[in-house]
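Worksheet: one structure, shown below.
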Amino acid sequence: MIEFINVEKIYPNNVKALQNINLKIEKGEFVAIIGLSGAGKSTLIRCINRMHDISSGKLIVDDIEVGSLRGNEIRKFRKRIGMIFQSYNLVTRTSVLKNVLVSLVPELPLWRKITGLFAKEHKIKALTALDQVGILDKAYVRVDQLSGGQQQRVALARTLAQNPDIILADEPIASLDPVTSKLVMDDFKKINQEMEISVIMNIHHVEIALEYAERIIGVREGQIVYDGKVEEVTQEVLDYIYNGNFEKVKESKEGRR
Ligand code: ADP
């Protein structure tokens with residue numbers, strides 16, 4: 001479980017990116033974080049694996065207080081939390097399989113990485129992960145010969161090979177066309193449902209967030225202004241998250257009573 005308790009994040013330039021964040025995310029949830037650009041979505045996600053340190057409050061992931069981790073502990077902790085970015089972050093001039101393998105065993109001596117001497121068990125793990133996202137046939141293809149959607153799947157396989165409990169995804173489909181976006185989102189959904197991996201995704205395509213996520217968190221000016229089941233997200237809720245029309249939400253709720 002991920003728990004934010006009164007979390008605040010102030011960047012060194014004094015921008016208060018998050019304030020009063022109180023949030024619990026249970027294992028296996030599929031959560032989409034939506035809101036305007038600059039609202040704090042990415043900061044919220046990046047605090048979870050300590051890419052950013054929080055400024056005050058507490059952040060607890062599976063009974064570990066994230067802020068208390070030091071050196072090696074942070075690296076170990078991050079292995080359990082996959083991170084997917086908009087830009088895939090792959091080594092494009094090498095094969096798909098090697099990309100997955102190198103991140104699976106980063107401690108392997110360089111000469112073994114270059115010569116491709118990976119242990120059989122690691123190869124099996126990497127190939128299984130590629131199969132899980134439907135690109136096993138691309139294992140020996142160079143990454144720069146793949147489409148954007150396929151590259152994002154390689155990034156997903158690379159994360160899966162590490163058996164994560166949580167996958168954080170920061171705008172994973174922002175560079176993809178609508179059709180490919182859905183294929184990649186289908187993979188996230190499959191992974192979430194079949195492997196019970198929590199998915200926490202920052203996404204600006206609202207309609208896709210509503211189609212795939214179970215829970216929507218709306219962030220506005222660094223605060224959570226909506227947190228609820230996807231079925232309960234109305235136009236008024238979206239209007240509030242994006243335009244700050246709080247009165248309208250209140251009125252419509254009162255009108256329904
Ligand atoms: P979103 O993901 O919703 O677009 P961000 O979390 O990226 O929002 O940004 C929230 C606020 O924090 C913005 O005002 C942004 O300019 C600021 N910000 C983000 N990253 C940094 C940083 N590394 N240093 C300083 N300010 C930052």
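Read the numbers this way: they start at 1 and go in the same order the structure lists the ligands and their atoms. These numbers come from the heavy atoms of this one structure, side chains and all, not from hydrogens, waters or symmetry mates.
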**OP:** Give the atoms of ligand 1, by number and element, whose distance to some non-hydrogen atom of Ser37 is under 4.0 Å.
**Re:** 4 (O)
Original post:
Between Arg215 and Asp227, is there a salt bridge with N-O shorter than 4.0 Å?
Top reply: yes
Subject >> Protein contact to atom 25 (C) of ligand 1 [nearest heavy atom, distance to 0.1 Å] >> reply: Asn13 ND2, 3.2 Å
Subject >> Atoms of ligand 1, numbered as shown, that sit under 4.0 Å from any heavy atom of Leu36 >> reply: 3 (O)
**OP:** Apply the side chain to side chain contact (heavy atoms under 4.5 Å, CB included) test between Ile166 and each candidate in Asn49, Ile197, Ile2; give the one that qualifies.
**Re:** Ile2
Original post:
What protein heavy atom sits nearest atom 15 (C) of ligand 1, and how far away is it?
Top reply: Val15 CG1, 4.7 Å
Subject >> For atom 11 (C) of ligand 1, closest protein heavy-atom neighbour >> reply: Gly38 O, 3.7 Å
Original post:
Between Asn6 and Asn22, does any side-chain donor sit less than 3.5 Å from a side-chain acceptor?
Top reply: yes
Original post:
Does any pair with a residue in residues 171-184 pass salt bridge (charged side-chain N to carboxylate O under 4.0 Å, His left out), and if so which ones, sequence neighbours excluded?
Top reply: Lys182-Glu211
Original post:
Which protein heavy atom lies closest to atom 3 (O) of ligand 1, and at what distance to 0.1 Å?
Top reply: Lys41 NZ, 2.8 Å
**OP:** Looking only at protein heavy atoms, identify the closest one to atom 7 (O) of ligand 1 and say how far it is in Å.
**Re:** Ser42 CB, 3.7 Å
Original post:
Nearest protein heavy atom to atom 23 (N) of ligand 1, by residue and atom, and its distance?
Top reply: Tyr11 CE2, 3.6 Å
Original post:
Ala39 heavy atoms, cut-off 4.0 Å: which ligand 1 atoms fall inside?
Top reply: 1 (P), 3 (O), 8 (O)
**OP:** For ligand 1, indicate whether the residue Thr43 contacts it via side chain, backbone, both or neither (heavy-atom separation under 4.0 Å).
**Re:** both
**OP:** Provide, to 0.1 Å, the distance between atom 8 (O) of ligand 1 and the closest protein heavy atom, together with that atom's residue and name.
**Re:** Gly40 N, 3.1 Å
